[in-house]
Trainee: 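Questions regarding the structure given below will be posed in turn.
Order of the sequence lines fixes the chain letters, A, B, ..., with proteins taken first and strands second; residue numbering starts at 1 for each chain.
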Amino acid sequence: MLRPLRHKDFAADAPSVARALIGATLLVDGVGGLIVEVEAYDEDDPASHCHPGRTPRNQAMFGPPGHAYVYFNYGLHWCLNFVCGPEGHGSGVLIRALQPTHGLERMRERRGLDDERLLCAGPGRVGQALGITKALYGLPLDQPPFKVLAPNRRQPIDVVCGPRIGIRRAVDTPWRFGLAGSRYLSRRF
DNA sequence: AAGTAGATGTTCT
DNA sequence: GAACATCTACTTA
């Protein structure tokens, strides 16, 4: 059965947590699905929001693991991260794509689209489909409105990785992880 | 199928 | 001012 993830499940370094999150289930107010694509970001990583050190915007990533780091991107999109790593070391995992399983009608309303495949295929789309806003900034992932459940351990999960998308620094760091062959990815690997 | 422009607000130099 | 962990609509092929 699916086990809720707890704070210590997020205590490892960002790439390890990112890889382990593929196949997990993410719900916000009962709406969401299977995590099929994520990216890791770290304080020692020039592409990360926490690389410059603690700021008002990124402070949640320096807090305890297992909480939400939410940011507003390109003046349009709300994006969701899971804070990970030891407390005090800024790191997080960006949720880039889901395979929708719960609350598809709610997602379709919010997205203004029918195509299941495009509901959550990209970090901005996930944000819109799940109703992510700054109201969720810093909230713990093991309490409502969040629910994060471990991957089903019965069946193996084939994880692929590659370079991250949409960044200009550290472009060769292979910290994008995905479920092999999934049709719900934001882009092919 | 692939490329480009435009939207829009916060953060950074 | 420029950059930015993006998406959509529209063009050209």
Trainee: Listed in order of residue number, which residues of residues 50-73 of chain A have a non-hydrogen atom at under 4.0 Å from DNA chain C?
Mentor: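 Nucleic-acid contacts, sorted: A/Met61, A/Tyr71, A/Asn73.
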Trainee: Consider only side-chain heavy atoms of I, L, V, M, F, W and Y, link residues closer than 4.5 Å, and tell whether A/Leu34 and A/Leu27 are in one cluster.
Mentor: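 They do not share one cluster, since no chain of ILVMFWY contacts under 4.5 Å joins A/Leu34 to A/Leu27.
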Trainee: Report which part of the nucleic acid A/Gly75 touches: base, sugar-phosphate, or nothing (heavy-atom distance under 4.0 Å, all strands).
Mentor: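 The residue A/Gly75 makes base contact.
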Trainee: Take atom CZ in A/Arg111; do more than 12 heavy atoms of anything else shown fall under 6.0 Å from it?
Mentor: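 Above 12, so yes.
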Trainee: Are the side chain of A/Asp13 and the backbone of A/Ser16 linked by a donor-acceptor contact shorter than 3.5 Å?
Mentor: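 The answer is yes, because a donor-acceptor pair under 3.5 Å joins these two groups.
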Trainee: Other residues, nucleotides and ligands only: do more than 12 of their heavy atoms fall within 6.0 Å of CZ on A/Arg106?
Mentor: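 Check fails, neighbour count at 12 or below.
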Trainee: Provide the start and end nucleotides, 5' to 3', of the part of DNA chain B that has atoms under 4.0 Å from heavy atoms of chain A.
Mentor: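 Going 5' to 3' along DNA chain B, contacts run B/dA7 to B/dT11.
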Trainee: Dot-bracket, DNA chain C: Watson-Crick or G-U, under 3.5 angstrom, [ ] crossing, | other strand?
Mentor: ||||.|||||||.
Trainee: Pick base, sugar-phosphate or nothing for A/Arg169, based on heavy-atom distances below 4.0 Å to the nucleic acid.
Mentor: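 Contact class for A/Arg169: none.
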Trainee: Is the shortest side-chain heavy-atom distance between A/Trp175 and A/Leu94 below 4.5 Å?
Mentor: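 No, their side chains stay 4.5 Å or more apart.
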Trainee: Return the minimal non-hydrogen interatomic distance between A/Ala129 and A/Val31, and the atom names on each side.
Mentor: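 Closest approach of A/Ala129 to A/Val31, heavy atoms only: O-CG1, 3.9 Å.
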Trainee: Looking across every strand, which nucleic acid part, if any, lies under 4.0 Å from A/Ile167 by heavy atom: base, sugar-phosphate, or nothing?
Mentor: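 A/Ile167: backbone/sugar contact only, no base atoms under 4.0 Å.
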Trainee: For A/Glu43, give me all partners under side-chain hydrogen bond (donor to acceptor under 3.5 Å, both in side chains), at least two apart in sequence or on another chain.
Mentor: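 Partners of A/Glu43 under the side-chain hydrogen bond (donor to acceptor under 3.5 Å, both in side chains) test: A/His89.
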Trainee: Between A/Gln128 and A/His77 (side chain of the first, backbone of the second, donor and acceptor by atom type, cut-off under 3.5 Å), is there such a pair?
Mentor: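 No, because the side chain of A/Gln128 does not come within donor-acceptor range (under 3.5 Å) of the backbone of A/His77.
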Trainee: Near A/Arg183 CZ, under 6.0 Å, is it more than 12 heavy atoms from other residues, nucleotides or ligands?
Mentor: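 Counting neighbours around CZ of A/Arg183, more than 12 heavy atoms of other residues, nucleotides or ligands fall under 6.0 Å, so yes.
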Trainee: On DNA chain C, reading 5' to 3', which nucleotide is the first and which the last to sit with an atom under 4.0 Å from a heavy atom of chain A, could you check?
Mentor: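 Nucleotide range in contact with chain A: C/dC4 to C/dT8.
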Trainee: Is a side-chain donor-acceptor pair under 3.5 Å present for A/Tyr184 with A/Glu116?
Mentor: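 Present: a donor and an acceptor within the cut-off.
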Trainee: Provide the full list of ring pair (Phe, Tyr, Trp, His ring centres under 6.0 Å) pairs with a residue in residues 6-36 of chain A, sequence neighbours left out, each pair given once.
Mentor: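 Applying ring pair (Phe, Tyr, Trp, His ring centres under 6.0 Å) to every pair that reaches into residues 6-36 of chain A, excluding sequence neighbours, yields A/His7-A/His67, A/Phe10-A/Phe82.
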Trainee: Take A/Cys120 and A/Leu130 through the side chain to side chain contact (heavy atoms under 4.5 Å, CB included) test and state the conclusion after the steps.
Mentor: CA-CA 9 Å; A/Cys120 300; A/Leu130 271 57; 4.2 Å; yes
Trainee: More 5' along DNA chain C: A/Leu118 or A/Leu80, using each one's nearest nucleotide?
Mentor: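 Final value for this comparison: A/Leu80.
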Trainee: When hydrophobic residues are tied together by side-chain contacts of less than 4.5 Å, even through go-betweens, does A/Val126 share a cluster with A/Tyr137?
Mentor: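 Yes, A/Val126 and A/Tyr137 fall within the same hydrophobic cluster.
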Trainee: Can you check the distance between B/dG3 and C/dA5, where both ends of the measurement are the P atom (answer in whole Å)?
Mentor: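 Taking atom P in both B/dG3 and C/dA5, they lie 22 Å apart.
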